[in-house]
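Throughout, a chain's letter reflects where its sequence line sits, starting with A, and its residues are numbered from 1.
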Amino acid sequence: MRLSRYFLPTIKENPSEAQIASHRLMLRAGMIRQGAAGIYSWLPLGLRVLKKIENIVREEQNRAGALEVLMPTIQSSELWEESGRYDDYGKEMLRIEDRHGRNMLFGPTNEEMITDIFRREIHSYKDLPKNLYHIQWKFRDEIRPRFGVMRGREFLMKDAYSFDLTPEEGVNSYNAMFVAYLRTFARLGLKAIPMRADTGPIGGDLSHEFLVIAETGESEVFFHKDFEGMESLVDFPADAEGLQAIVNEWTTPYAATEEMHSEDDCPVEGNNLIRGRGIEVGHIFFFGDKYSKPMKASVQGPEGEMLNVQMGSYGVGVSRLVGGIIEACHDENGIVWPEAVAPFKIGLMNLGAKNEECTAFCDVLYAELEEAGIEVLFDDTKDGAGAKFKNMDLIGLPWQVAVGPRGLKNGVVELKNRKTGEKEELTKEALLAKFTA
RNA sequence: CGGGGAGUAGCGCAGUCUGGUAGCGCACUACACUGGGGGUGUAGGGGCCGCAGGUUCAAAUCCUGUCUCUCCGACCA
């Protein structure tokens, strides 16, 4: 992509409303613009990141056997009246009336809707287990939206719902999602720690929150230092025992958010306990028949008996992850994207935009990188070199390639690693070889 | 929802107390210089001072109402 044709409105000064790094940087890097409190438009650069995260989440859901569907954003109140949550949910639910006076709502979650889909179509134990998910915009009318996309009112969420015949099989579905989450966050370049969680309004008795450790996290967390050495990009096991083994491994060391932590009962002694801050990016629940019972989602078992299905739900805050990743990955100059979610892999800068030779060289290099299938953002504008460097640092692409008349005299370009700051001079051929190997 | 703060050019802000025809920096446009870390100069364009009423010869400024944004607290992916 040529920057001259792109839409990348970066801001030099800090917008006054942004308090935390990720919000500030997302505005400055031209990723988002606010529409109303907690509601954002995604500009091209931000959308590329959002889509990359979404795809990694999708791939890992698919790997774990979940099936993608897409449910609407607007729901009818009827199903919610049936589950009893229409009155319980309170003002967080945005209620809308259509032209016929029917009560509609902008979905804050989809348990009722997915349960309805399930019960209409699935009537036999032979069709279990099933795990259905979608990646869709939700709306929760938070009392106080803040921190940009980390705590917006409208947000993109992956939510999956599992259906099993027995509690044991339900726990297995839960375990599969647990492992899928470990893999997902690892692939996103994050250190996320599962913590036993309060089940809150969704209910149930088995639940874990996944928290990304970052200095600016919203909640205080306590965890055993053993977590620091654990590898979360595990191979996805083929059977239930394998899943349970990984879950056991990851739930054995102590980890708790502040609500669940108590200094008196904490089993970890001083030096082994790490106190930090975390951002909740995923939450999984197993809640048995809490919804299947009132909503009559049952199947006929092998003996002909009617059994309420055992359900679980599994959320990932996809849009929140954009902010969460930035909180964990930035420095004083801007964002430092992990490669897996970077909007482009390479930022190519023409430092001699008025020098014909230099420009011709860049055009060829750009074409060759594109040809090799590498995502490259080419700053072909006439801005000064300083401005180009500052902008590239701000938007945080993993690799910067600076091409200027000075280096070209010696036949080299400069490659900089955004994260480490390491620079090396190399020929065009060496550069291409490095990225196409 | 309780308690604070703020709405003046795209962004960041001054001006409001003490009413008198709207300003600064950055950004933007043109030209020239510059060209490896947000460079320099000259000349420009852009604002119903959040909105609605009121007071006054005169309102960004005073009064009333209203909307929005934001910070702290209790709640959430």
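A 3.5 Å limit on both hydrogen-bonding distances identifies B:rG23 as the Watson-Crick or G-U partner of B:rC13. Nucleotide B:rG44 is matched to B:rC28 when pairs are restricted to Watson-Crick or G-U wobble geometry with both distances under 3.5 angstrom. With both pairing distances under 3.5 Å, B:rG73 is matched to B:rC1 as a Watson-Crick or G-U wobble pair. Look at B:rU55: it lacks any Watson-Crick or wobble partner with both distances under 3.5 angstrom.
Using a 4.0 Å heavy-atom distance criterion, A:A36 is classed as a sugar-phosphate-only contact. Residue contacts shown for A:E142 include a base, since a base heavy atom lies under 4.0 Å away. A:G90 comes within 4.0 angstrom of no nucleic acid atom, judged by non-hydrogen atoms across all strands.
When rounded to the nearest whole Å, the span between CG of A:N14 and C1' of B:rU70 equals 16 Å. Counting to the nearest Å, the C1' atom of B:rA77 and the CD atom of A:E154 are 14 Å from each other. As rounded to whole Å, 13 Å separates atom C1' of B:rC76 from atom CZ of A:F139. Distance CD1 (A:I284) to C1' (B:rC76): 18 Å, rounded to an integer number of Å. Atom P of nucleotide B:rA32 and atom NZ of A:K382 are separated by 13 Å, given to the nearest angstrom. Per the geometry, NE2 belonging to A:H23 stands 11 Å off C1' belonging to B:rC69, to the nearest Å. What separates CZ of A:F155 from P of B:rC76 is a distance of 13 Å, to the nearest Å. With rounding to whole Å, A:Y40 atom OH is found 11 Å from B:rU70 atom C1'.
No option in A:E154, A:M157, A:R151, A:R153 other than A:M157 meets the side-chain contact (heavy atoms from CB on, under 4.5 Å) test with A:R140.
Here A:Y86 pairs with nothing under the ring-ring contact (aromatic ring centres under 6.0 Å, His included) rule; sequence neighbours left out. Annotation: ring-ring contact (aromatic ring centres under 6.0 Å, His included) contacts of A:Y181 (sequence neighbours excluded): A:F185, A:F210.
In this model, the phosphate group of B:rC13 is approached by a side-chain N or O of A:S16 to a distance below 4.0 Å at OP1 or OP2.
Where A:L156 and A:G352 meet RNA chain B, the nucleotide closest to each residue was compared, and A:G352 sits on the side nearer the 5' end.
With hydrogens and angles ignored, a donor-acceptor pair closer than 3.5 Å exists between the side chain of A:K354 and the base of B:rU34.
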Pairs: protein N or O with nucleotides 36-41 of chain B N or O, under 3.5 Å:
from: B:rG36; atom 1: O2'; to: A:R406; atom 2: NH1; distance (Å): 2.8
from: B:rG36; atom 1: O2'; to: A:R406; atom 2: NH2; distance (Å): 3.4
from: B:rG36; atom 1: O6; to: A:G404; atom 2: N; distance (Å): 3.0
from: B:rG36; atom 1: O6; to: A:G404; atom 2: O; distance (Å): 3.3
from: B:rG36; atom 1: O6; to: A:G407; atom 2: N; distance (Å): 3.2
from: B:rG36; atom 1: N2; to: A:E414; atom 2: OE1; distance (Å): 2.8
from: B:rG36; atom 1: N2; to: A:E414; atom 2: OE2; distance (Å): 3.2
from: B:rG37; atom 1: O6; to: A:K416; atom 2: NZ; distance (Å): 3.3
from: B:rG37; atom 1: N1; to: A:D393; atom 2: OD2; distance (Å): 3.0
from: B:rG37; atom 1: N2; to: A:D393; atom 2: OD2; distance (Å): 2.2
from: B:rG38; atom 1: O4'; to: A:A387; atom 2: N; distance (Å): 3.4
from: B:rG38; atom 1: O2'; to: A:K12; atom 2: NZ; distance (Å): 3.0
from: B:rG38; atom 1: O6; to: A:R28; atom 2: NH2; distance (Å): 3.2
from: B:rG38; atom 1: N2; to: A:N391; atom 2: ND2; distance (Å): 3.3

Mind listing the N/O atom pairs, protein and nucleotides 72-74 of chain B, below 3.5 Å?
from: B:rC72; atom 1: OP2; to: A:R144; atom 2: NH1; distance (Å): 3.3
from: B:rC72; atom 1: OP2; to: A:R144; atom 2: NH2; distance (Å): 2.1

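Nearest to the side-chain atoms of A:A37 among the listed nucleotides B:rU70, B:rG12, B:rC76 stands B:rU70.
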Do any side-chain atoms of residues 10-18 of chain A form donor-acceptor pairs under 3.5 angstrom with protein atoms, and if so which ones, sequence neighbours left out?
from: A:T10; atom 1: OG1; to: A:N391; atom 2: OD1; distance (Å): 3.0

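Of the residues in residues 174-184 of chain A, none has a non-hydrogen atom less than 4.0 angstrom from any atom of RNA chain B. Against RNA chain B, the stretch residues 52-70 of chain A makes no heavy-atom approach under 4.0 Å. Within a heavy-atom distance below 4.0 Å of RNA chain B, no residue of residues 356-364 of chain A is found.
The salt bridge (Lys or Arg N to Asp or Glu O under 4.0 Å) contacts involving residues 347-360 of chain A comprise nothing, where partners must be two or more places apart or lie in separate chains. For residues 310-322 of chain A, the set of pairs meeting the salt bridge (Lys or Arg N to Asp or Glu O under 4.0 Å) definition, not counting sequence neighbours, comprises A:E218-A:R320. Residue pairs meeting the ring pair (Phe, Tyr, Trp, His ring centres under 6.0 Å) criterion with at least one member in residues 53-75 of chain A, sequence neighbours excluded, do not occur. Listed by first and then second residue, the salt bridge (Lys or Arg N to Asp or Glu O under 4.0 Å) pairs that reach into residues 18-31 of chain A come to none, sequence neighbours excluded.
Between A:W337 and A:F344, the ring center distance fails the sub-6.0 Å criterion.
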